[in-house]
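Every value quoted in this text rests on a predicted model; they were computed, and no experiment measured them. All chains are named by letter (A, B, ...) in the order of the sequence lines, taking the proteins before the strands, and each is independently numbered beginning at 1.
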Protein chains: 2
Amino acid sequence: MTTVVQKFGGTSVGNVTKIKRVAERIKRKMDEGKKVVTVVSAMGKSTDKLVELANDITDSPDPREMDMLLTTGEQVTISLVVMALKEMGVDAVSLTGWQAGIETEDVHQDARITDIKTENVQQHLDEGKAVLVAGFQGVSETGDITTLGRGGSDTTAVALAAALKAESCSIYTDVTGVFTADPRYVKNARKLDGISYDEMLELANLGAGVLHPRAVEFAKNYNVSLIVRSSMEDVEGTIVEEEAPMEQNLIVRGLAFEEDVTKITIERLPNQYDTMSNLFSLLAEQGISVDIIIQQMTADHGLNVSFSIDTASLGKALDVLHNNKVNLCYSTIRHESTLAKVSIVGSGMVSNPGVAADMFTVLSDEEVAIKMVSTSEIAVSAVVPEQDMVKAVEALHSFFGLDAKEKAKIEAVKA
Amino acid sequence: MTTVVQKFGGTSVGNVTKIKRVAERIKRKMDEGKKVVTVVSAMGKSTDKLVELANDITDSPDPREMDMLLTTGEQVTISLVVMALKEMGVDAVSLTGWQAGIETEDVHQDARITDIKTENVQQHLDEGKAVLVAGFQGVSETGDITTLGRGGSDTTAVALAAALKAESCSIYTDVTGVFTADPRYVKNARKLDGISYDEMLELANLGAGVLHPRAVEFAKNYNVSLIVRSSMEDVEGTIVEEEAPMEQNLIVRGLAFEEDVTKITIERLPNQYDTMSNLFSLLAEQGISVDIIIQQMTADHGLNVSFSIDTASLGKALDVLHNNKVNLCYSTIRHESTLAKVSIVGSGMVSNPGVAADMFTVLSDEEVAIKMVSTSEIAVSAVVPEQDMVKAVEALHSFFGLDAKEKAKIEAVKA
């Protein structure tokens with residue numbers, strides 16, 4: 001008898017009716033003869049309400065106590081789902097993070113899982129029970145309740161699937177799977193049947209938002225077969241695995257894009273070994289996250305450095321740079337906001353030179369200015385004017401053969 | 001440095017303002033140089049809301065899952081109180097039942113504490129922190145979350161005080177202490193400075209409602225000095241100890257009374273060894289709680305048995321008795337509702353014969369009919385017509401010298 005892990009997010013357990021629906025899904029899986037472990041998040045907006053309570057008391061709530069407070073949300077959900085299952089005649093048991101043996105670093109609000117002691121979960125499974133585990137939470141070596149940070153319930157599910165050697169880990173969400181591009185922007189976007197861990201990681205990091213990068217990383221490290229699917233509709237989702245099927249020798253698997261990018265350029269920094277280190281350490285100390293970095297030598301051996309940040313950090317970044325003009329010893333700063341980043345992602349790029357060139361050609365044909373470029377093994381990103389973002393994405397989506405396919409497939413099914 | 005334990009109930013932590021007030025009280029205690037452990041209940045109506053959620057899912061929620069659900073309430077409160085303390089610059093830490101080492105039987109919704117492992121609490125106290133413990137909850141040998149039933153937070157506080165060998169255990173509530181009689185009924189009732197465990201137990205069991213009997217029992221067994229006091233006003237409370245000071249050689253310390261009492265009389269039962277056992281086992285199996293029992297032989301060696309129950313159980317009791325008429329082999333059943341029970345309580349009774357006689361004389365002078373009587377070492381109870389209850393209580397309160405004192409005291413202070 002194989003074990004499966006599934007995870008339902010906050011919107012999927014937002015009220016009593018939805019909780020009953022989740023219970024029915026669990027029952028169906030068990031009727032198929034599977035051992036089922038289900039990870040759930042806090043109900044809908046319940047976490048927000050708890051945060052509000054904390055904010056009424058203090059502007060800077062203690063991280064340990066925030067974990068103590070917020071983990072009650074998932075604890076409520078697991079107990080309610082088990083009640084719904086028992087009402088349907090299904091034996092079930094709920095387990096908090098510490099009861100499920102989820103051990104983490106001794107860090108609050110963003111702890112990493114260090115180990116999972118599966119004995120308790122395994123015993124309940126062997127007794128034929130549905131096991132409900134509170135997502136997002138664990139326990140530290142010192143016995144403190146910890147949380148895993150954003151997307152934590154995804155990570156709980158994947159880690160449990162790895163520890164239990166589960167057949168698969170299904171992430172139920174409010175979309176039907178992973179798309180070639182965000183369908184809210186790209187009308188021809190289509191759902192992917194499969195995608196590789198690395199591609200998913202690039203997409204997750206590039207802001208596609210379906211899965212948390214840490215969960216994907218965990219799945220990759222432990223080779224957990226991840227399935228992203230809808231909790232509303234009963235349709236096939238997207239499988240995230242080591243090797244995704246190469247559909248029609250597709251080189252690019254998907255596109256990611258994000259707005260609110262700002263490019264900052266610092267001119268004529270001294271050409272010294274520690275220039276870059278000093279500059280970016282200063283920004284990091286202020287919690288400013290830098291994305292693309294470009295370094296260029298000027299004719300007279302000075303250094304020009306450009307980098308992109310989230311526009312929300314612009315004020316803070318300019319403050320730091322101006323306050324350190326003397327130490328950093330630059331001449332001028334320029335910045336350009338209302339930019340966007342557009343990225344193409346695909347494992348096929350490794351063996352296909354010229355993909356970046358193709359991308360630039362497409363952008364050039366559309367008369368989209370390229371402000372910055374960055375590349376990785378399986379991704380190319382370009383910073384472009386924000387107003388051109390959707391045009392650029394649609395042209396790239398079409399050029400790399402991402403939107404033609406779905407139609408062809410639908411026709412094939414019809415024929 | 002001595003340790004004190006204090007407990008605040010749901011109304012005392014009902015909103016953010018009240019939570020801040022509790023934090024201030026804790027700070028004041030620490031400023032006095034005490035190590036402070038504080039037990040809190042769930043905020044105001046939050047438990048009711050959780051129960052409602054469960055009831056929306058099922059009519060018969062699983063007891064284990066109800067414990068999982070309801071214990072989140074206290075977990076929310078402890079974290080918020082600690083945040084409020086930290087905001088005031090006081091180092092503090094919150095602990096759930098299992099983190100505070102509160103071990104219980106493996107029973108849900110009404111578990112008894114079996115042991116308290118104080119190492120964790122003690123260590124935090126030694127580090128100079130205020131320790132907040134979630135009331136009402138513990139952990140079983142199997143690692144399940146359990147709850148202690150009604151009045152559970154009182155029991156948590158007393159048990160912690162016993163385990164930590166605390167100087168005292170203060171129960172903060174919405175009254176200023178233990179009264180000679182319920183002040184809502186008896187206008188001359190006055191607050192007691194002290195009362196013995198046994199007297200408090202009689203009063204608690206007789207329905208005075210200030211403290212849960214189990215908590216008082218625990219305090220008696222471990223000789224914990226209990227203080228009942230107001231969380232609103234800053235006045236002296238009532239001390240519950242082994243030996244309460246004998247104020248003016250007072251024989252009766254307080255009065256308890258309750259309405260909705262029904263007397264059932266079963267006539268002509270067979271005079272056999274197992275008659276009483278059969279009858280009351282039947283009632284117990286149906287969860288009917290019997291209070292006073294009177295057995296009387298008839299002239300022809302039949303048995304008449306009378307007993308009192310809560311009127312709410314009358315229908316169920318009559319059903320059981322009628323359905324078992326053949327087994328029990330009685331002739332008739334009579335019952336009388338709209339009765340009340342009035343009790344006088346005082347350790348002094350043991351060495352003062354004639355207290356019961358005095359009570360009957362007072363009732364007779366007031367023309368109050370006595371329907372049933374029961375006595376213990378330190379209490380005498382009489383079942384009387386409900387309409388005469390307040391009259392009877394006021395006459396007894398006055399006769400046994402309970403209301404004169406307060407006035408004398410106020411005058412003494414004035415003088």
Honestly, the part of B/Val139 sitting under 4.5 Å from a heavy atom of chain A is side chain
With a 4.5 Å cut-off on side-chain heavy atoms, are A/Met68 and B/Val76 touching?
no
With sequence neighbours left out, which residue pairs that include part of residues 56-93 of chain A fulfil the ring-ring contact (aromatic ring centres under 6.0 Å, His included) condition?
none
Test of understanding: with side-chain contact (heavy atoms from CB on, under 4.5 Å), list the residues that count as partners of B/Ala23, not counting sequence neighbours.
B/Ala84, B/Leu85, B/Met88
Which atoms of B/Met43 are under 4.5 Å from chain A, going by heavy atoms: the side chain, the backbone, both sets, or neither?
side chain
Output every pair passing ring-ring contact (aromatic ring centres under 6.0 Å, His included) with a member in residues 19-64 of chain A, not counting sequence neighbours, ordered by first then second residue.
none
Looking only at B/Val82, B/Leu50, B/Leu95, B/Ile78, the option with the highest number of non-hydrogen pairs under 4.5 Å against chain A is B/Val82
Put together the list of donor-acceptor pairs under 3.5 Å connecting chain B with chain A, please.
{"from": "B/Lys20", "atom 1": "NZ", "to": "A/Asp56", "atom 2": "O", "distance (Å)": "3.4"}
{"from": "B/Asp56", "atom 1": "O", "to": "A/Lys20", "atom 2": "NZ", "distance (Å)": "3.4"}
{"from": "B/Thr58", "atom 1": "OG1", "to": "A/Glu87", "atom 2": "OE1", "distance (Å)": "2.5"}
{"from": "B/Asp62", "atom 1": "OD1", "to": "A/Lys86", "atom 2": "NZ", "distance (Å)": "3.1"}
{"from": "B/Arg64", "atom 1": "NH1", "to": "A/Ser94", "atom 2": "O", "distance (Å)": "3.0"}
{"from": "B/Arg64", "atom 1": "NH1", "to": "A/Ser94", "atom 2": "OG", "distance (Å)": "3.3"}
{"from": "B/Arg64", "atom 1": "NH2", "to": "A/Ser94", "atom 2": "O", "distance (Å)": "2.9"}
{"from": "B/Glu65", "atom 1": "OE1", "to": "A/Ser94", "atom 2": "OG", "distance (Å)": "2.5"}
{"from": "B/Glu65", "atom 1": "OE2", "to": "A/Ser94", "atom 2": "N", "distance (Å)": "3.3"}
{"from": "B/Glu65", "atom 1": "OE2", "to": "A/Ser94", "atom 2": "OG", "distance (Å)": "3.4"}
{"from": "B/Met68", "atom 1": "O", "to": "A/Gln75", "atom 2": "NE2", "distance (Å)": "2.9"}
{"from": "B/Thr71", "atom 1": "OG1", "to": "A/Gln75", "atom 2": "NE2", "distance (Å)": "3.2"}
{"from": "B/Gln75", "atom 1": "NE2", "to": "A/Met68", "atom 2": "O", "distance (Å)": "2.9"}
{"from": "B/Gln75", "atom 1": "NE2", "to": "A/Thr71", "atom 2": "OG1", "distance (Å)": "3.2"}
{"from": "B/Lys86", "atom 1": "NZ", "to": "A/Asp62", "atom 2": "OD1", "distance (Å)": "3.1"}
{"from": "B/Glu87", "atom 1": "OE1", "to": "A/Thr58", "atom 2": "OG1", "distance (Å)": "2.4"}
{"from": "B/Ser94", "atom 1": "N", "to": "A/Glu65", "atom 2": "OE2", "distance (Å)": "3.3"}
{"from": "B/Ser94", "atom 1": "O", "to": "A/Arg64", "atom 2": "NH1", "distance (Å)": "3.0"}
{"from": "B/Ser94", "atom 1": "O", "to": "A/Arg64", "atom 2": "NH2", "distance (Å)": "2.9"}
{"from": "B/Ser94", "atom 1": "OG", "to": "A/Arg64", "atom 2": "NH1", "distance (Å)": "3.3"}
{"from": "B/Ser94", "atom 1": "OG", "to": "A/Glu65", "atom 2": "OE1", "distance (Å)": "2.5"}
{"from": "B/Ser94", "atom 1": "OG", "to": "A/Glu65", "atom 2": "OE2", "distance (Å)": "3.4"}
{"from": "B/Gln99", "atom 1": "NE2", "to": "A/Gly143", "atom 2": "O", "distance (Å)": "2.8"}
{"from": "B/Gly143", "atom 1": "O", "to": "A/Gln99", "atom 2": "NE2", "distance (Å)": "2.8"}

If I take atom CG from residue A/Leu53 and atom CG from residue B/Leu80, how far apart are they, to the nearest 0.5 angstrom?
5.5 Å
